[in-house]
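Structure first, then comments.
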Number of protein chains: 2
Amino acid sequence: MAALQKSIEKRNALIAATIELVNNNGFHATSMSKIAHMAQVSPATIYLYFANKQDLVNKTYIEVKGKYTDYAFETYTEKMPVAAGFEIIWKRIADFKLKECKYAMFLAQCDNTPMIDETSRQEGIKHLQPLLDLWARGKDAGIIKPISDYLLYAYTINPLSFLMMSEKRGAFKLDATHVEEAYQAAWSSIKVPA
Amino acid sequence: MAALQKSIEKRNALIAATIELVNNNGFHATSMSKIAHMAQVSPATIYLYFANKQDLVNKTYIEVKGKYTDYAFETYTEKMPVAAGFEIIWKRIADFKLKECKYAMFLAQCDNTPMIDETSRQEGIKHLQPLLDLWARGKDAGIIKPISDYLLYAYTINPLSFLMMSEKRGAFKLDATHVEEAYQAAWSSIKVPA
DNA sequence: TAAAAAAGAATGAACGTTCATTTTTATTCA
DNA sequence: TGAATAAAAATGAACGTTCATTCTTTTTTA
C-alpha cells in the first residue's frame with residue numbers, strides 16, 4: 001500500500017510540474033527533463049506513469065478540467081430556481097478562476113492552442129452538462145434568451161477567462177466589486193428583459 | 001526597386017507561413033526549417049529578415065494585430081453617436097473574426113500563451129485607443145455602464161474569440177442570425193438599462 | 001566588378017525516448 | 001522474526017533525431 005501511495009504522489013508531482021512549467025514557458029519550451037527535474041524524478045520515470053509527452057499533457061488537461069467542473073457544481077442542485085442556480089454556478093466559476101488561477105491559466109492555454117488531442121478535449125467538455133441542463137430549464141421557462149449554448153457560454157462564463165488573464169498580466173485587479181459588476185453584465189446579456 | 005520588391009514578398013511569405021504553421025501545429029511544433037520550406041526560402045534567409053525565431057513571431061503578432069485594429073475602425077468616425085459607433089465597431093470586429101479567421105486564430109493563440117514578448121504584446125494593444133475613447137464618451141453620457149474597460153472588453157469583444165474558436169473546431173456555425181443575437185447580448189451586458 | 005542577397009551544408013545543443021542497471025518493495029521460507 | 005529472493009519501480013546514461021543558428025560559398029543585382 002505504501003508503494004501505491006508513493007506512486008500517486010509522484011504522479012501528482014509530475015502533473016503539478018507540467019502545469020507550472022507550461023504556464024510559465026508554454027508547451028514548446030517545457031521539456032520532459034525539466035518536468036522530471038521539477039518533480040524530483042528521473043526523466044525515465046515519467047514513462048512509467050505516462051506513455052509519452054502528449055499523453056502526459058492530455059491527462060493533465062483532463063485532470064484539471066475535472067477539478068474545474070467539480071468546483072463549479074459543488075454547491076448547485078437541480079432543484080434550485082434558474083436564476084439562483086445560475087448565480088451560484090457563475091460565482092463558483094469566478095471563484096475558481098481567481099483562487100485556482102494556475103489551473104485556470106493552464107486551461108486557457110489548452111483551449112486556445114492545438115496542444116491537446118481532440119478526443120481529450122471532448123472528454124473534458126462532458127462534465128459541463130449540469131450547466132447546459134440549467135440553461136434548457138431557463139429557456140423553457142422564458143427566463144433565459146432562446147439562443148445557442150455556445151452564445152450563452154461565450155457571454156457569461158468565458159469572459160472570466162479574459163479577466164483572469166488580464167489580472168495575471170498585472171493589468172487589472174479583479175476585486176469583489178468587479179466580480180459583482182461582471183456577474184450583472186453576464187446575467188444582463190442572457191436574461192429575457194422584464 | 002526590384003530588389004526591395006522581392007524582399008517584401010519574401011517577408012510576407014515568411015509571415016504567412018508562420019501564421020499557418022502556428023495555427024495548425026502550435027508554436028512548439030513550428031520549426032524554422034518548416035517555415036522556410038513553406039515560404040520557399042532557405043532557413044538561412046529567414047535571418048536576413050528577422051533576428052531569430054522569437055523576433056519573427058513577435059513581428060508577425062504585431063503585423064496581424066495591426067490588420068485587426070485597422071479593420072475594426074475602418075468605417076468608424078469619432079463624430080458618430082455612441083450606440084451607433086459601438087455597433088459599427090463591434091460588427092466590423094465580428095466580420096474580421098469570421099472572414100479573416102486565420103488571423104483571428106493566430107491572435108487567440110498569442111493572447112493565451114507566453115509565446116509573445118510582453119513588449120510586443122503592449123505594442124499591439126495601443127491601437128485599440130479609439131474604442132476606449134468611445135467607451136469614455138458613452139460612460140460620460142450615461143449610456144454605457146461605468147465599469148472598467150477590461151470588463152467592457154470581456155463582455156463585448158472577447159466572446160467573439162470563443163465563438164470563432166468553437167466554429168473553427170466545427171462545433172458551431174456562426175451565421176448572420178447568431179451574429180445579431182451575439183450583438184444584442186454584447187450590448188445588453190454593457191448598456192445602462194432604460 | 002563589387003556588393004548584396006540567398007543558398008545549402010554544417011554546428012553544437014537540446015529534444016523525446018529507450019536501455020541496461022541499480023534500488024526499493026513485497027513475498028517466501030527457515 | 002529474519003534472511004533470501006523475486007518482482008516492481010526508479011535511475012542515469014545513451015540513443016538517434018531535430019532544433020535554431022551560423023558559416024562558407026554561390027548567385028543575383030547594381
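Letters go in sequence order (proteins before strands), and every chain restarts at 1.
Scored by the ring pair (Phe, Tyr, Trp, His ring centres under 6.0 Å) test, A:Tyr153 finds B:Phe162 as partners (sequence neighbours excluded). For B:Tyr103, there are no ring pair (Phe, Tyr, Trp, His ring centres under 6.0 Å) partners at least two apart in sequence or on another chain. Every residue two or more places apart in sequence or in another chain that forms a salt bridge (charged side-chain N to carboxylate O under 4.0 Å, His left out) with B:Lys99 is listed here: B:Asp95.
Heavy-atom neighbours of A:Lys168 NZ from other residues, nucleotides or ligands within 6.0 Å: at or below the threshold of 12. Within a 6.0 Å sphere centred on CD of B:Glu20, heavy atoms belonging to other residues, nucleotides or ligands number 12 at most. Heavy-atom contacts from other residues, nucleotides or ligands closer than 6.0 Å to NZ of A:Lys53 number more than 12.
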- Message: For nucleotides 14-25 of chain D, give me one character per nucleotide, 5' to 3': B if any protein heavy atom sits under 4.0 Å from the base, S if the only such contacts are to the sugar-phosphate, - if neither.
- Response: -----SSBBB--
- Mind running side chain to side chain contact (heavy atoms under 4.5 Å, CB included) on A:Glu123 and A:Ile116 for me, showing each step along the way? CA-CA 11 Å; A:Glu123 172 79 24; A:Ile116 301 294; over 6 Å; no
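Between B:His178 and B:Phe172, the ring center distance clears the sub-6.0 Å criterion.
The interatomic distance linking A:Leu14 (CG) with D:dA9 (P) rounds to 15 Å, in whole Å. If you measure from atom CD of A:Gln40 to atom C1' of D:dA10, you get 14 Å, rounded to the nearest angstrom. Rounding to whole angstrom units, CG of residue A:Leu48 and C1' of C:dT25 are separated by 15 Å. The CZ-P distance, from A:Arg11 to D:dA8, rounds to 20 Å in whole Å.
Judged by distance alone, the side chain of B:Gln109 and the main-chain N or O of A:Gln109 form no donor-acceptor pair under 3.5 Å.
Checking the phosphate oxygens (OP1, OP2) of C:dA5, no side-chain nitrogen or oxygen of B:Tyr49 falls inside 4.0 Å. Phosphate proximity of D:dA10 to A:Lys10: present, with a side-chain N or O under 4.0 Å from OP1 or OP2.
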Tabulate atom names and distances for all N/O pairs under 3.5 angstrom spanning the protein and nucleotides 21-23 of chain C.
none

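Taking the six-membered ring where the residue is Trp, B:Phe73 and B:Tyr76 present tilted rings, their angle falling between 30° and 60°.
In the helix from C:dT1-D:dA30 to C:dC29-D:dG2, the rotation axis of the first five pairs and that of the last five pairs differ in direction by 10°, rounded to 10 degrees.
A salt bridge does not link A:Asp111 with B:Arg169: none of the charged nitrogens is closer than 4.0 Å to a carboxylate oxygen.
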